[in-house]
Amino acid sequence: MNIKTELCGLPLDNPIIPASGTFGFGQEYKDFYDLNILGSISIKGTTREARFGNPTPRIAECKAGMLNAVGLQNPGVKAVVDIELPELKKIYLKPIVANVCGFSLDEYVEVAQLMSEVENVGWIELNVSCPNVKHGGMSFGTDACCAAEVTSAVKAVSKKPVIVKLSPNVTDITEIALACQEAGADGLCLINTLLGMRLDLKNRKPLLANVTGGFSGDAVFPIALRMIYQTAKVCKIPIIGCGGVSTARDVIEMMMAGASAVQVGSANLINPFASKEIIEAMPKEMKKLGIQNLTDIIGVAL
Amino acid sequence: MTKGLYLIIRHERLTDNVYRLVVEGDTSSILRSGQFVNIEIERFYLRRPISISDYDGNTISLIYKVVGEGTEALTHYKEGREIDLLVGLGNGFDTDTVCHKPLVIGGGVGIPPLLKLTKELITKDKQPTVIICFNTKDEIFLYNEFKSLGVDVLVTTVDGSYGVKGFYSDAIKESGIKYDYYYTCGPLAMLKDIHSTLSVQGQISFEERMGCGFGGCMGCSHKTKSGYKRVCTDTIINSDEVLFD
């Protein structure tokens, strides 16, 4: 059984990548298991300056999922490049995915350029889809022209492949995906969280201090799968599937819909061993389904 | 941190909406009082963080209040059932600080972790005075457990139906107790008042809505004088580092 795959020309030992925002900079998980089992790691979304993020509460539960409104808490690109990435390199030997966010075109370009020069960064993941910040994040990813503009600007400076992480909070995700592809994106990651909210019934007010948050978890899997399928039908560049993945079968389903690699997000938060357990379960599931090479099934359902 | 299945060996109601759940299993990852576990509850996506009230070589005592649908569902779990726990989360109380007569002040469902803390303080030859605060007499729990440790225990109720009428501060005033340090866990308003009123140093245990409970999601961050901390990994903070909004 061969679980190897490839992402934008770089080999992956397996398709499993913990999703940005659910795995910090790796340190929180290093005592749970040897991280080197992972295909790669997508680090916490990084901005130019250090950010605290939104006020709390910034987590709320839903049926079969959760809302978060963290708002890109991170120590800023300098601390990530100087401290977090070298520390991560000590415990994780493979290339990582650097998730980059910004509040202006200049910020995206500056952060992406700095990150792309770091040796253990394998890919830049352009986060134009964070729903929890105003005047940044998602506002760049819900308009095809803006998404294309930031993609081509970052491509011009990046020394590493650029993967654009798309928002599902749009009418037609393929329009944005095609615009990014035409602007030179090397790959796409979909989907980021869906915009949602909950109320606190006792207070009769929104539960999250930010009012709205990003919905993730098991419940979003069919939406993510549909968007991967639609996008893979029209785009040539590789796709990282993301959204509600918690089992090896979910991984296989997303790959059949067109994903070359798969991110595991919220599942890590309720079971810190989730990504490892999914990788370990892959050969058994593949055997059941008669799959010899994982790469053989990418997009077979299209 | 340990993740595993723990056997429920006792589950009992202490007051109208407070329950004690005693489970059996690996406790080797619990290093200090004031740490917590994160409980998986069937049909609920996120785990529920519950403070450890007491523990020994193979049992953990958890006391929780029913605050929503998840904890309500937990009340129906019977003895003999296994539950999935993440154990040994949070930093816990530091009982090696230089003090002789610490105050241990708990409010409502913030009281449970102070039971094991008080035991630890006694083991370390300190003389704690415990103040436990409730709204009314019917809500009182753990009083006998504290009393059996042989320490002074003061009870306050807001309506005066038992013990000192009022708040922790009224108990201090009335009894005139001397203290040189404090440990506290309880409602935010009480923590704020203690932090601004008491002239000695102390340790304050916080709570927040959490995603994971082990630092992965950054959901429960708050600001301190020494930077941003996560309530899940830095549950207990020294009073000189605390920043209230």
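Computed from a prediction, not measured in an experiment: that's the story for all the values here. Numbered from 1 within each chain, the chains take letters A, B, ... in sequence-line order.
Atom NZ of Lys124(B) has more than 12 neighbouring heavy atoms from other residues, nucleotides or ligands inside a 6.0 Å radius. Atom CD of Glu69(B) is surrounded by 12 or fewer heavy atoms from other residues, nucleotides or ligands within 6.0 Å. Residue Phe206(B) places its CZ atom among more than 12 non-hydrogen atoms of other residues, nucleotides or ligands, all under 6.0 Å distant. Within a 6.0 Å sphere centred on CZ of Arg249(A), other residues, nucleotides and ligands contribute 12 heavy atoms or fewer.
If you measure heavy-atom distances from Phe25(A) to chain B, you find no contacts under 4.5 Å at all. With a threshold of 4.5 angstrom between heavy atoms, Lys202(A) approaches chain B through side-chain atoms but not through N, CA, C or O. Of the atoms belonging to Leu201(A), not a single heavy atom falls under 4.5 Å from chain B. Of the atoms belonging to Pro75(A), not a single heavy atom falls under 4.5 Å from chain B. Both the backbone and the side chain of Asp218(A) come within contact range of chain B, judged by heavy atoms closer than 4.5 Å. For Tyr29(A), the part lying under 4.5 angstrom from a heavy atom of chain B is the side chain only.
Judged purely by atom type and a 3.5 angstrom limit, Arg58(A) uses its side chain to pair as donor or acceptor with the backbone of Met218(B). Remark: side-chain polar atoms of Glu61(A) are paired, donor with acceptor, to backbone N or O of Tyr45(B) under 3.5 angstrom.
Of the listed residues Asn54(A), Val70(A), Asn268(A), the one with more heavy-atom pairs under 4.5 angstrom with chain B than any other is Val70(A).
At a threshold of 4.5 Å between non-hydrogen side-chain atoms, the residues Leu86(B) and Pro272(A) count as touching.
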So Arg230(B) and Glu28(A), side-chain contact (heavy atoms from CB on, under 4.5 Å) or not? Walk me through it.
CA-CA 12 Å; Arg230(B) 287 157 291 188; Glu28(A) 289 76 11; 2.6 Å; yes
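Nearest heavy-atom pair, Ile59(A) versus Gly219(B), reported as atom, atom and distance to 0.1 Å: CG1-CA, 3.6 Å. The minimum heavy-atom distance between Thr56(A) and Glu208(B), with the atom names listed, is OG1-OE1, 2.9 Å.
For the atom pair Asn38(B) CG and Ile270(A) CD1, the distance stands at 10.5 Å (nearest 0.5 Å).
At least one cation-pi condition fails for Lys3(B) and Phe273(A): the charged atom is not both under 6.0 angstrom from the six-membered ring centre and inside a 45 degree cone around its axis.
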